[in-house]
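So the structure is just underneath, and the comments pick up after that.
What's counted below: heavy atoms across the whole structure, side chains too, no hydrogens, waters or symmetry copies.
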Amino acid sequence: MPEVTAMFWILKLLTTGIGETGSDFFVKTFDPVPVVLIAAVVFAVCFVIQFSAGRYVPWRYWLFVLMVAVFGTMVADVTHIVFDVPYAASSAAFAVLLVAALIVWHRVEGTISVHTISTSRRELFYWVVVLATFALGTAWGDLTATALGLGYLGSGLVFGVLFAIPLTLNRLRIADTATFWAAYIVTRPLGASFADWIAVTPARGGLNLGTGAISIAGLVVIALGVAWLQVAHSRRAAAGSPHRQDVSAPLP
């Protein structure tokens with residue numbers, strides 16, 4: 001697992017935004033059925049790449065996070081568009097799924113702290129929870145922007161406040177595990193709301209830069225950030241101090 005630094009949160013927000021615009025671009029440009037099926041295959045391949053590493057490798061980790069963002073968005077969108085499930089209902093369902101995943105993880109492992117992910121089973125629990133946060137965040141963001149009428153910019157501002165509160169508490173080492181997950185969950189609707197605001201047409205309250213253009217620009221920025229992390233990680237490894245998670249003091 002990566003260290004939870006400022007770069008971690010920046011890349012997390014970028015991947016959530018690109019997951020939203022990338023998913024919208026593909027499902028609205030091409031036939032959504034094969035697109036979702038192809039995305040599922042790519043998701044599985046990226047999962048194998050990440051899960052077979054046995055240690056933290058920046059490009060593997062962030063490649064899978066990006067694919068989780070894209071596929072998680074598609075899952076939530078299909079729930080609403082194909083099955084006509086209201087955003088309020090899907091948000092509630094995904095919230096229950098997320099809470100259930102966290103409870104099972106805690107009961108099996110005794111902790112849900114990302115600082116203690118040192119086994120394959122704990123990593124599997126982690127990714128299940130991450131996928132649930134993306135599905136919930138997608139439905140939640142659409143609920144506030146459309147059903148509640150806040151619009152994408154308004155939603156982004158609201159989620160910005162909801163993100164800043166637990167993030168500040170986490171940086172102050174207050175209830176580390178709870179505040180980390182609270183901030184992590186909100187990154188999805190926060191990043192997606194601002195990405196939609198930049199991409200969609202003025203008729204939908206946006207700046208009309210386009211989902212394709214925003215996706216490409218975002219991918220470039222993400223690639224540069226991950227490349228920087230990969231070089232730094234390789235230099236530490238060459239110097240004999242490879243990245244390690246701190247598992248000496250598990251959080252509750």
Side-chain angles (χ1 to χ4, degrees), residues 12-13 15-40 43 65-104 127-163 165-166 181-208 210-211 214-215:
K12 178 62 172 63
L13 287 168
T15 57
T16 62
I18 300 311
E20 176 72 17
T21 58
S23 173
D24 286 346
F25 174 77
F26 282 111
V27 298
K28 292 178 181 179
T29 304
F30 307 100
D31 186 341
V33 174
V35 164
V36 173
L37 293 176
I38 292 171
F43 171 84
V65 170
L66 180 61
M67 199 59 230
V68 168
V70 174
F71 187 62
T73 299
M74 290 181 177
V75 169
D77 286 343
V78 166
T79 301
H80 174 71
I81 297 171
V82 177
F83 298 104
D84 198 28
V85 177
Y87 288 128
S90 59
S91 295
F94 288 132
V96 171
L97 178 63
L98 173 59
V99 171
L102 288 169
I103 290 174
V104 172
W127 288 117
V128 169
V129 168
V130 168
L131 185 59
T133 66
F134 273 93
L136 169 60
T138 300
W140 193 10
D142 288 334
L143 172 67
T144 59
T146 58
L148 299 183
L150 293 181
Y152 294 114
L153 178 58
S155 292
L157 295 175
V158 170
F159 288 121
V161 174
L162 294 178
F163 172 70
I165 294 173
W181 282 115
Y184 193 96
I185 292 167
V186 177
T187 57
R188 177 61 185 83
L190 172 59
S193 294
F194 278 111
D196 276 332
W197 173 61
I198 296 171
V200 302
T201 63
R204 298 176 60 194
L207 300 180
N208 199 31
T211 55
I214 295 302
S215 298

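The minimum heavy-atom distance linking Ala39 with Met67 is given by the pair O-CE, 3.5 Å. Pairing each heavy atom of Leu143 with each of Ala88, the nearest pair is CD1-N, 3.8 Å. The two atoms that bring Ser215 and Thr211 nearest to each other are OG-O, 2.6 Å, heavy atoms only. Between Trp140 and Ile185 the shortest heavy-atom distance is CZ3-CG2, 4.2 Å. Nearest heavy atoms, Thr21 versus Ile214: CG2-CG2, 4.0 Å. Across all non-hydrogen atoms, the minimal contact from Ala69 to Thr15 is CB-O, 3.3 Å.
For Ala183, the side-chain contact (heavy atoms from CB on, under 4.5 Å) partners at least two apart in sequence or on another chain are Trp9, Phe163, Pro166, Leu167.
Atom CG of Leu13 sits about 11.5 Å away from atom CD1 of Ile18, to the nearest 0.5 Å. The structure places CG of Leu131 at 7.5 Å from CZ of Phe71, a figure rounded to the nearest 0.5 Å. If you take OG on Ser193 and CG on Asp142, they are separated by 8.0 Å, rounding to the nearest 0.5 Å.
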Distance-only donor-acceptor hits, side chain of residues 153-161, under 3.5 Å, sequence neighbours excluded:
{"from": "Ser155", "atom 1": "OG", "to": "Thr144", "atom 2": "OG1", "distance (Å)": "2.9"}
{"from": "Ser155", "atom 1": "OG", "to": "Ala145", "atom 2": "N", "distance (Å)": "3.2"}
{"from": "Ser155", "atom 1": "OG", "to": "Gly151", "atom 2": "O", "distance (Å)": "2.8"}

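You'll find the side chain of Val130 reaches within 4.5 Å of the side chain of Tyr184, heavy atoms only. When side chains are defined from C-beta on, Phe94 does not count as touching Thr138, because their heavy atoms never get closer than 4.5 Å. Using a 4.5 Å heavy-atom threshold, the side chains of Thr16 and Leu190 count as separate. Counting heavy atoms from C-beta on, the side chains of Ile38 and Phe30 never come closer than 4.5 Å. At least one side-chain heavy atom of Met74 sits under 4.5 Å from a side-chain heavy atom of Val27.
No more than 12 heavy atoms of other residues, nucleotides or ligands shown are found within 6.0 angstrom of CZ on Phe26.
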*Would Thr73 and Arg188 count as a side-chain contact (heavy atoms from CB on, under 4.5 Å) if you check the C-alpha gap in whole Å, the side-chain angles of each, and the deciding distance to 0.1 Å?*
CA-CA 10 Å; Thr73 299; Arg188 177 61 185 83; 2.6 Å; yes
*asked:* One pair to check against side-chain contact (heavy atoms from CB on, under 4.5 Å): Asp196 and Asp24. What are the steps and the verdict?
replied: CA-CA 9 Å; Asp196 276 332; Asp24 286 346; 3.6 Å; yes
